Amino acid sequence: MANVVHFNMIVDINQLLKEKGIEYSIHAIGACTCNGLELRQDGKEYPIDEIIEYMNEYLDKKWMRVRKSKDNEHILNVESKFDYER
(Lines give C-alpha, C1' and ligand atoms only; values in the text may rest on other atoms or scores of the structure.)
Protein backbone atom coordinates (compact mmCIF):
# COMPACT_ATOMS: atom_id res chain seq x y z
CA MET A 1 0.00 0.00 0.00
CA ALA A 2 2.88 2.37 -0.69
CA ASN A 3 0.87 4.18 -3.38
CA VAL A 4 -1.82 5.52 -1.07
CA VAL A 5 -2.82 9.16 -0.89
CA HIS A 6 -4.09 9.55 2.66
CA PHE A 7 -6.83 11.87 3.93
CA ASN A 8 -4.49 14.72 4.91
CA MET A 9 -2.87 14.64 1.48
CA ILE A 10 -6.31 14.94 -0.13
CA VAL A 11 -7.04 17.94 2.08
CA ASP A 12 -3.68 19.49 1.12
CA ILE A 13 -4.24 18.96 -2.60
CA ASN A 14 -7.78 20.35 -2.44
CA GLN A 15 -6.44 23.40 -0.60
CA LEU A 16 -3.73 23.82 -3.26
CA LEU A 17 -6.35 23.74 -6.02
CA LYS A 18 -8.50 26.24 -4.14
CA GLU A 19 -5.55 28.63 -3.65
CA LYS A 20 -4.89 28.52 -7.39
CA GLY A 21 -8.53 29.37 -8.10
CA ILE A 22 -9.20 25.96 -9.64
CA GLU A 23 -12.80 24.91 -9.05
CA TYR A 24 -12.15 21.16 -8.88
CA SER A 25 -11.69 18.78 -5.95
CA ILE A 26 -10.32 15.30 -5.51
CA HIS A 27 -11.99 12.46 -3.64
CA ALA A 28 -10.93 8.93 -2.73
CA ILE A 29 -12.59 6.12 -4.64
CA GLY A 30 -13.78 3.36 -2.32
CA ALA A 31 -12.60 3.03 1.25
CA CYS A 32 -9.09 4.22 0.44
CA THR A 33 -7.15 5.55 -2.51
CA CYS A 34 -5.88 2.10 -3.49
CA ASN A 35 -8.62 2.26 -6.14
CA GLY A 36 -7.62 5.76 -7.22
CA LEU A 37 -8.87 9.30 -6.95
CA GLU A 38 -11.83 11.01 -8.56
CA LEU A 39 -11.42 14.55 -9.90
CA ARG A 40 -14.69 16.47 -9.65
CA GLN A 41 -15.50 19.72 -11.37
CA ASP A 42 -17.09 22.07 -8.83
CA GLY A 43 -17.31 25.18 -11.02
CA LYS A 44 -15.53 26.58 -14.05
CA GLU A 45 -13.80 24.18 -16.41
CA TYR A 46 -10.01 23.98 -16.16
CA PRO A 47 -7.50 21.90 -18.17
CA ILE A 48 -7.22 18.52 -16.45
CA ASP A 49 -3.62 18.03 -17.56
CA GLU A 50 -2.64 21.24 -15.70
CA ILE A 51 -4.44 20.04 -12.57
CA ILE A 52 -2.54 16.76 -12.79
CA GLU A 53 0.73 18.71 -13.12
CA TYR A 54 -0.01 20.62 -9.89
CA MET A 55 -0.97 17.40 -8.12
CA ASN A 56 2.19 15.67 -9.31
CA GLU A 57 4.34 18.57 -8.09
CA TYR A 58 2.83 18.01 -4.62
CA LEU A 59 3.10 14.20 -4.79
CA ASP A 60 6.67 14.29 -6.09
CA LYS A 61 7.93 14.83 -2.52
CA LYS A 62 6.13 11.63 -1.51
CA TRP A 63 7.56 9.59 -4.42
CA MET A 64 4.15 9.23 -6.05
CA ARG A 65 2.30 10.61 -9.02
CA VAL A 66 -1.14 10.38 -10.61
CA ARG A 67 -2.06 9.51 -14.15
CA LYS A 68 -5.43 9.71 -15.92
CA SER A 69 -7.30 6.45 -16.32
CA LYS A 70 -7.58 5.29 -19.92
CA ASP A 71 -11.36 4.90 -19.53
CA ASN A 72 -12.21 8.15 -17.71
CA GLU A 73 -10.04 11.27 -17.49
CA HIS A 74 -11.68 12.19 -14.17
CA ILE A 75 -10.35 9.02 -12.54
CA LEU A 76 -6.71 9.28 -11.49
CA ASN A 77 -4.55 6.27 -10.76
CA VAL A 78 -1.95 6.68 -8.01
CA GLU A 79 1.46 5.24 -8.92
CA SER A 80 4.85 4.95 -7.38
CA LYS A 81 7.26 7.36 -9.01
CA PHE A 82 9.82 4.56 -9.08
CA ASP A 83 7.57 2.42 -11.27
CA TYR A 84 6.72 5.37 -13.54
CA GLU A 85 10.35 6.32 -14.17
CA ARG A 86 11.35 2.83 -15.37
Side-chain angles (χ1 to χ4, degrees):
M1 298 216 340
N3 303 335
V4 176
V5 176
H6 59 71
F7 177 79
N8 289 339
M9 293 165 72
I10 291 173
V11 171
D12 289 346
I13 292 169
N14 282 332
Q15 183 62 34
L16 172 77
L17 296 176
K18 184 176 181 178
E19 288 170 2
K20 292 187 177 293
I22 299 171
E23 297 176 356
Y24 282 72
S25 57
I26 61 165
H27 304 268
I29 296 174
C32 69
T33 62
C34 295
N35 295 327
L37 298 167
E38 179 184 11
L39 183 62
R40 294 185 192 162
Q41 184 176 347
D42 301 321
K44 292 184 285 183
E45 191 171 349
Y46 197 88
I48 291 176
D49 289 334
E50 287 185 36
I51 295 171
I52 290 172
E53 269 186 52
Y54 293 132
M55 291 175 65
N56 283 336
E57 286 175 14
Y58 171 85
L59 292 170
D60 185 59
K61 300 172 205 135
K62 284 119 174 68
W63 298 98
M64 289 184 280
R65 63 180 294 112
V66 293
R67 189 185 300 190
K68 286 188 283 191
S69 167
K70 293 175 185 166
D71 300 327
N72 182 342
E73 70 177 5
H74 288 94
I75 302 299
L76 307 175
N77 298 316
V78 181
E79 307 176 333
S80 165
K81 212 174 124 186
F82 295 114
D83 293 338
Y84 179 77
E85 291 179 350
R86 280 190 210 144

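Note that this is a predicted model, so its numbers are computed, not measured.
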Exercise. From Glu50 CD over to Lys20 NZ, what is the distance, rounded to the nearest 0.5 angstrom?
Worked result: 10.5 Å
Exercise. Which pair of non-hydrogen atoms, one from Lys44 and one from Glu23, has the smallest distance, and what is that distance?
Worked result: N-OE1, 2.5 Å
Exercise. Where do Met55 and Ile13 come nearest, in terms of heavy atoms and distance?
Worked result: CG-CG2, 3.7 Å
Exercise. Quick check: are there more than 12 heavy atoms from other residues, nucleotides or ligands sitting under 6.0 Å from CD of Glu45?
Worked result: no
For this session: Find the distance between CG (Leu76) and NE2 (His27) and round it off to the nearest 0.5 Å.
Result: 11.5 Å
Problem set entry | Point-to-point distance, once rounded to the nearest 0.5 Å, from CG of Asn14 to CZ of Arg40 | 10.0 Å
For this session: Taking the side chain as every heavy atom from C-beta outward, state whether Leu37 and Ile10 have any pair of such atoms under 4.5 Å apart.
Result: yes
Exercise. Partners of Asn72 by side chain to side chain contact (heavy atoms under 4.5 Å, CB included), sequence neighbours excluded?
Worked result: His74, Ile75
Exercise. Between Ile52 and Val66, which heavy-atom pair has the shortest distance, and what is it?
Worked result: CG2-O, 3.8 Å
Exercise. Where do Tyr54 and Leu16 come nearest, in terms of heavy atoms and distance?
Worked result: O-CD2, 3.9 Å
Problem set entry | 4.5 Å side-chain heavy-atom contact, Val4 and Met9 | no
Exercise. Got a second to check how far Ile51's CD1 is from Leu39's CG, nearest 0.5 Å?
Worked result: 5.0 Å
Exercise. When clusters are formed by joining ILVMFWY residues with side-chain heavy atoms under 4.5 Å apart, either directly or through shared neighbours, do Val11 and Val5 land in the same one?
Worked result: no
For this session: Grab the two heavy atoms, one from Leu17 and one from Tyr24, that are nearest each other, plus how far apart they are.
Result: CD1-O, 3.7 Å
Exercise. Hey, does the side chain of Glu38 reach the backbone of Ile29 with a donor-acceptor pair shorter than 3.5 angstrom?
Worked result: no
For this session: Work out which heavy atom in Ile48 is nearest to a heavy atom in Glu73; give both atom names and the distance.
Result: CD1-OE2, 3.3 Å
